[in-house]
Q: 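Please see the structure below; I have some questions.
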Amino acid sequence: MQREVGTLPLAPALRARLAAAGFQTAQELLDTGPCGLSKEIGISREEALEALQVVRQECHGDAARTAGGSGATRKCTALELLEEEQTQGFIITFCSALDNILGGGVQLTKITEICGAPGVGKTQLCMQLAVDVQIPECFGGVAGEAVFIDTEGSFMVDRVVDIAAACVQHCHLIAEAQQEEDLRKALETFSLENILSHIYYFRCRDYTELLAQVYLLPEFLAEHSKVRLVVIDGIAFPFRHDFEDLSLRTRLLNGLAQQLIIIANDHRSAVVLTNQMTTRIGQSQSTLVPALGESWGHAATVRLIFHWDNSQRLATLYKSPSQKESTIAYHITSHGFRDVQPPAVTHSTEGPELNPRKRPRTEEEKQ
Amino acid sequence: MAAKKLRRAQLSQEMCERLSRYQITTCQDFLCLSLLELMKLTGQSYYEVQKLLCKVSRACAPKMQTAYEMKLRKSVNPSSAFLSTTLHSLDRVLHGGVPCGSLTEITSPPGCGKTQFCIMLSVLATLPVSMGGLDGAVIYIDTESAFSAERLIEIAANRFPDYFDSDEKLLSMTHSIHLYRELTCCCVLKRIMSLEEEIILKKVKLLIIDSVASVVRKEFDTKLQGNLAERSNFLSRGASVLKYLAEEFSIPV
């Protein structure tokens, strides 16, 4: 109630007039009433009423916040956070080594950034995650939907069909091995058509469309409340060319990062971004570093860097608040993202048609 | 999309006039500003500005499609998803051939046969759909002056002798291959940007650029300081226009 007039979200011209007339706190405005206000400042009664309604809304919002009630508040104890984090699901990547170094998989409510040279598998992992987020809860997934924002045009539907078919087959094998009723019931809805219809695809051609789409995302997510994953494939591409004003670029990127953090937190979804690599020319050699500059590095919570080592693909966890930095090897097969199997292949008991590269999942579905 | 004028984004007339006083006429300019700046420029309250932002965003945001709809669209017309190269093992590895709607890059040391491959693809594209072609015209942008029309006719006559049995068939095939010789970077870029109308006019079904690297390496010496940035600027601008053309018209590039 003691809030200063200058901090209220009114039009600037109105604010200037209020300051000139000598109003200092919101309480004074409310006490004056619409007619008195209109006479003092010289605005119409309807405008004065509108302004007062805005002020009242703001003050009620403030009161609710200080009472520690509504969901708009961002304050809670660390114990509540701990409980939330423990029950929170992860989006698995079907590569157990990668899941291990990430601490279980891609975390919800956090921004994960994947950087890598072209062709190393970033888009493949994004497509794999878009399928994996839809795995039903009884199989260890989060049963959500996915939004895929593509800026480079590298989304191939046929590949997603392959990945989804392999995932469905994997779940079928588990259900048969476990022989439980609810597993089989969940599988009825986990079909290829359903998976594909729950991947919402947007093709953004330049940074304006990307900005517009991110502004509209909260509304979209409110309508489709089951979305648990937002993938932006190629956040670097529209910002790397045609930008003379680098400070504008930094500002836009920071704004984008803030909006994505808000989206991740409010809708409890994971945000995955892919970035390109650029060459930093040093004194004597040049190194590959993630693109978009140093300040962008602060935007993501978890950073993964994919790179090659001779002909082996490696993933390094570069930045993470809770896991230590480590490197693992992975493989991209026709079924999607998988582990590299050690040479002594253990024969699984699920039947000879099973691809030996798939690790058996019997040990970790229900906690 | 970005250059869309605010007038067409359904903002009110006085709002557009007010914003144009500050040189904000397109959606791009509008979305580049922060909320506080917008409040100052439009003289509206916070909530009003947010509503305006949503309106403008809706005007330029892309349309949503589910992956399922994309799959259905592709399966409706399976033959048009690829241009088969008639080299069976290559087609098998590429899952059907050169994909329509995306960029394919062919690289190799000199003399391996890139230009020959491109010439063969041009012949294939002009064949009717029943023979595995795309039944359309070809735009060939040549930066090395390596295209030889005689070789084109030789390939066509020897590869498909039953189809190209008469001279007039050969002539009509050569008629539908449009060759542009560009020798500098900006000419190439200008040519690519002007292609949209030509593609519609001439019913083009294949776009070949032979080659991007030669013209770039000639003009941009990477040892000089500022050139790296300019070069990548040119390349990414060209790449985004080509991607747009490939996707918009569903043709291989």
Side-chain angles (χ1 to χ4, degrees), chain A residues 8-14 50-51 54 57 127 130 146-150 152-161 164 192-216 219-220 237-238 240-243 245 248 251-252 255 278-279 281, chain B residues 1-4 26-36 39-50 53-54 56-75 81 95-96 99 101-103 228 232-240 243-244 246-247:
Chain A
L8 293 168
L10 299 167
L14 190 55
E50 261 185 56
V54 167
Q57 205 179 24
M127 295 197 279
V147 167
F148 199 104
I149 301 178
D150 190 5
E152 296 173 342
S154 35
F155 183 81
M156 306 246 99
V157 188
D158 305 309
R159 185 66 180 134
V160 179
V161 167
L192 196 59
E193 287 87 42
N194 267 332
I195 300 181
L196 289 179
S197 346
H198 291 312
I199 300 182
Y200 304 109
Y201 178 76
F202 296 88
R203 172 79 172 94
C204 294
R205 295 242 161 76
D206 51 32
Y207 70 91
T208 315
E209 290 188 19
L210 182 61
L211 286 173
Q213 190 50 51
V214 175
Y215 275 128
L216 293 177
E219 212 180 294
F220 184 82
F237 184 65
R240 283 187 82 188
H241 63 96
D242 242 0
F243 243 108
D245 190 359
L248 175 65
R251 192 153 60 103
L252 290 178
T278 182
T279 325
I281 302 175
Chain B
M1 267 300 167
K4 196 166 178 179
T26 64
C27 289
Q28 191 173 30
D29 304 327
F30 193 87
L31 288 174
C32 279
L33 299 169
S34 69
L35 273 173
L36 288 177
M39 276 173 75
K40 204 163 38 138
L41 294 179
T42 60
Q44 302 271 332
S45 72
Y46 186 71
Y47 300 111
E48 290 294 313
V49 167
Q50 275 188 323
L53 211 52
C54 278
V56 174
S57 305
R58 235 180 296 260
C60 33
K63 209 170 56 98
M64 194 261 298
Q65 18 174 352
T66 64
Y68 190 51
E69 289 164 13
M70 290 168 70
K71 173 166 171 276
L72 283 181
R73 230 179 313 135
K74 272 210 169 166
S75 56
H95 274 276
S102 52
L103 296 178
L228 198 54
S232 18
N233 215 341
F234 161 74
L235 284 173
S236 22
R237 245 193 304 164
S240 53
K243 276 197 208 209
Y244 166 70
E247 283 177 15

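Quick note on labels: first sequence line is chain A, next is B, and so on, each numbered from 1.
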Q: Less than 4.5 Å to any heavy atom of chain A: does that hold for the side chain of B:E247, its backbone, both, or neither?
A: side chain
Q: Between B:L53 and chain A, with a heavy-atom cut-off of 4.5 Å, which part of the residue counts as in contact: side chain, backbone, both or neither?
A: side chain
Q: Can you tell me which portion of A:E50 sits under 4.5 Å from chain B's heavy atoms? Options are side chain, backbone, both or neither.
A: neither
Q: Testing the basics here: between B:L31 and A:L252, what is the closest heavy-atom pair and its distance to 0.1 Å?
A: O-CD2, 4.3 Å
Q: If you count heavy-atom pairs under 4.5 Å with chain B, which of A:I199, A:L210, A:L14 comes out on top?
A: A:I199
Q: For A:L216 and B:C54, which heavy atoms make the closest approach, and how far apart are they?
A: CD2-O, 3.8 Å
Q: Tell me every residue that passes ring pair (Phe, Tyr, Trp, His ring centres under 6.0 Å) with A:Y215, counting only those two or more places apart in sequence or in another chain.
A: none
Q: For the residue pair A:R251 and B:C32, what are the closest heavy atoms and their distance?
A: NH2-O, 3.8 Å
Q: Out of curiosity, B:R58 CZ to A:E219 CD, how far, rounded to the nearest 0.5 Å?
A: 4.5 Å
Q: Under a 4.5 Å cutoff for heavy-atom pairs, which residue among A:V157, A:L248, A:L211 has the most contacts with chain B?
A: A:V157
Q: A:V160 versus chain B, heavy atoms under 4.5 Å apart: side chain, backbone, both or neither?
A: neither
Q: Please list, chain by chain and in numerical order, all residues satisfying ring pair (Phe, Tyr, Trp, His ring centres under 6.0 Å) with A:F155, sequence neighbours excluded.
A: A:F148, A:Y201
Q: Given side chains that start at C-beta, do those of A:R205 and B:K243 come closer than 4.5 Å, heavy atoms only?
A: no
Q: Is A:N194 close to chain B through its backbone or its side chain, or both, or neither, when contacts mean heavy atoms under 4.5 Å?
A: neither
Q: Working to the nearest 0.5 angstrom, can you tell me the gap between B:M70 CE and A:D158 CG?
A: 9.5 Å
Q: Looking at CZ of A:F202 and CD of B:Q65, how far apart are the two atoms once the value is rounded to the nearest 0.5 Å?
A: 9.5 Å
